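Notes follow once the structure below has been shown.
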Amino acid sequence: MFIGKLKLKSSVFLAPMSGVSDYPYREIVKKFKPGLVFSEMIASRALIEKNRKTLKMIKKDSNDLYAIQIAGCDPKVMGEAAKMCENFGADIIDINMGCPVKKVVNGYAGSALMKDELLALSIIESVVNAVDIPVTLKMRKGWDEKNLNAPKLAKMAERAGIKLITIHGRTRCQMFKGKSDWEFIKKVKKAVKIPVIVNGDITSISELKTAQSLSCADGVMIGRGSYGRPWIFKEMSENFTKNKNFKILSSFKKDIILEHFSNSLNHYGEEIGIKSFRKHLGWYSKSLENSNEFRCRINNSIDRSQIKSLIKDFF
Ligand SMILES: Cc1cc2nc3c(=O)[nH]c(=O)nc-3n(C[C@H](O)[C@H](O)[C@H](O)COP(=O)(O)O)c2cc1C
């Protein structure tokens, strides 16, 4: 698949996820060769005001392609933020028009933009004109069941220069309830010529195949399905494109978890690195024998060496 002139090696992508798809996690996921990884959503105003925490969030990944997702409701600020991301080394800018969170939509950003097509278009134009790299767009089906305007917005976006569109098959009002409507995404696919990515509730090879066949999408984006299993990207792309059966060895799994922990400590420092890694350890250990006891011990430790030994013993 191509995004503009950029050639991707796989059509399985890591979703942008605030609090999850940070630098330490992206570095781990990249070991399993996803087609593309997306940063967490970056608030455009905080970025142009050079907020220290926000600048840390856009740290350039070590290799391969890197997409930074920006959010906001002011076309000028969004354009400036996009330019900054390009200067920081992003290969692609993604515009967030899918975030359903109240704090974001109350500021008329995220999925609220789907209710104001003219403002949405003006943001797209400003970002596309500000940078020389490809710009992509992520949105939902629409605001609610009465306003399913993703196909219309996709067409407008393509005309304005957007190079790829991801659709999470829910409305904003659904938040995360119900099921992602993969079949609806076919309407978006029919409306445009640029690649369309299906997103929402894809956690296994069989779901990937069903989502792809119902949506006719060019690729898939995986978010929560990668919790505690960053190797899912290799499993999915090898099974899907090469009919191979990749299975991770448990000794390698342990090495990956330790490396992820070390990435987290290096990126955030000891205190925040340990705190932010606890949720990942919860996901890595989910449904394994004695995982409750393991999590309890991890959550009570603030010592990096002790946590390392606990990981080595448990996995
Ligand atoms: C913890 C969390 C954080 C998220 N943050 C973002 C974000 O920053 N930007 C965005 O476009 N979508 C965000 N999303 C939505 C995901 O990218 C994705 O569209 C959604 O989770 C559905 O895909 P999934 O079922 O594969 O998780 C987030 C989702 C979760 C669960």
Side-chain angles (χ1 to χ4, degrees), residues 11-23 25-26 29 34-44 46-47 53-54 57-58 67-73 78 81 85 92-105 107 109-114 120 123 127 135-142 150 153 157 162 164-172 174-182 184-185 188 196-208 210-212 215 217 219-230 232-233 235-236 276 278-280 282-283:
S11 51
V12 186
F13 299 171
L14 169 68
M17 286 185 287
S18 296
V20 181
S21 66
D22 56 3
Y23 177 80
Y25 190 54
R26 293 196 304 272
V29 164
L36 201 56
V37 297
F38 287 80
S39 73
E40 306 168 80
M41 169 178 77
I42 305 292
S44 53
L47 184 61
K53 210 171 140 203
T54 310
M57 285 167 79
I58 63 167
I68 300 185
Q69 187 190 65
I70 55 173
C73 58
M78 285 288 275
C85 294
I92 291 164
I93 304 293
D94 188 61
I95 301 177
N96 180 320
M97 287 195 193
C99 182
V101 176
K102 260 203 181 127
K103 201 173 111 190
V104 176
V105 294
S111 55
L113 289 169
M114 294 195 76
I123 286 174
V127 172
V135 180
T136 61
L137 176 64
K138 180 165 179 279
M139 57 182 165
R140 290 185 169 227
K141 284 164 68 181
L153 249 172
I162 289 290
L164 171 140
I165 292 173
T166 304
I167 308 284
H168 175 190
R170 288 185 171 86
T171 62
R172 185 275 166 184
Q174 272 183 286
M175 306 291 279
F176 280 88
K177 289 195 207 103
K179 286 283 292 166
S180 181
D181 181 354
W182 299 325
F184 176 87
I185 294 164
V188 179
V196 172
I197 306 298
V198 52
N199 169 239
D201 305 340
I202 300 169
T203 61
S204 66
I205 311 282
S206 72
E207 282 165 351
L208 178 149
T210 312
Q212 245 234 339
S215 64
V220 300
M221 177 183 274
I222 295 170
R224 293 165 296 169
S226 77
Y227 283 2
R229 332 187 262 167
I232 195 174
F233 295 93
E235 284 174 3
M236 294 231 168
S276 93
R278 284 183 185 143
K279 61 177 177 291
H280 289 283
W283 293 325

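None of the values given here were measured: they were computed from a predicted structure. Any value given below was found using the heavy atoms of this structure, including those in side chains, with hydrogens, waters and symmetry copies removed. Counting starts at 1 for both ligands and their atoms, in listed order.
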Quiz prompt | pair S21-F38: side-chain heavy atoms closer than 4.5 Å | solution = no
To atom 15 (C) of ligand 1, the nearest of E207, K138, M17, K279 on a heavy-atom basis is K138
If we number the atoms of ligand 1 from 1 as shown, the ones under 4.0 Å from a heavy atom of R224 are 21 (O), 24 (P), 25 (O), 26 (O), 27 (O), 31 (C)
Under 3.5 Å: donor-acceptor pair, side chain of Q69, backbone of D94: no
Q.
Geometry only, no angles: is M41 polar-contacting ligand 1 at N/O separations under 3.5 Å?
A. yes
Any heavy atom of D201 under 4.0 Å from ligand 1? The part involved is both
| Do I70 and M41 have side chains that get closer than 4.5 Å, going by heavy atoms? | no
Checklist entry - Looking only at distance, does G223 have an N or O less than 3.5 Å from an N or O of ligand 1? => result yes
Taking only non-hydrogen atoms of A15 and a 4.0 Å limit, the atoms of ligand 1 in range are 17 (O)
Nearest non-hydrogen protein atom to atom 9 (N) of ligand 1, with distance, is Q69 OE1, 2.8 Å
To the nearest 0.5 Å, atom CE of M78 lies from atom CG of L47 at 10.5 Å
**Message:** Tell me whether Y227 has any N or O atom under 3.5 angstrom from an N or O of ligand 1.
**Reply:** no
* Asked: Hey, does G19 sit under 4.0 Å from ligand 1 if you only count heavy atoms?
  -> no
Quick one: does any side-chain atom of T136 pair with a main-chain N or O of I165 as donor and acceptor, under 3.5 Å? no
Practice problem: Could you say whether the N/O atoms of R170 and ligand 1 ever approach to under 3.5 Å? | Solution: no
*asked:* Contact between P230 and L14 at the side-chain level, heavy atoms closer than 4.5 Å - yes or no?
replied: no
Taking the six-membered ring for Trp, are W283 and Y227 parallel (under 30°), tilted (30 to 60°) or perpendicular (over 60°)?
-> parallel
Margin query: Can a donor-acceptor pair be found, under 3.5 Å and without considering hydrogens, that links the side chain of R140 to the backbone of M175?
Written below: yes
Under a 3.5 Å distance rule, please check whether K138 uses its side chain to pair with a backbone N or O of P16 as donor and acceptor.
no
Next item on the list: Look only at interatomic distance and state if E40 has a nitrogen or oxygen under 3.5 Å from any nitrogen or oxygen of ligand 1.
Entry: no
Atom 19 (O) of ligand 1 sits nearest the protein heavy atom N199 OD1, 2.5 Å
**Asked** Has ligand 1 got any nitrogen or oxygen that is less than 3.5 angstrom from a nitrogen or oxygen of P16?
**Response** yes
If you scan protein heavy atoms around atom 3 (C) of ligand 1, the nearest is S18 N, 3.3 Å
Numbered in order shown, the ligand 1 atoms found under 4.0 Å of a heavy atom of F176 are 20 (C), 21 (O), 29 (C)
Are side-chain heavy atoms of N199 and H168 found at a separation under 4.5 Å?
yes
One finds that the ligand 1 atoms under 4.0 Å from a non-hydrogen atom of G200 are 22 (C), 23 (O), 25 (O)
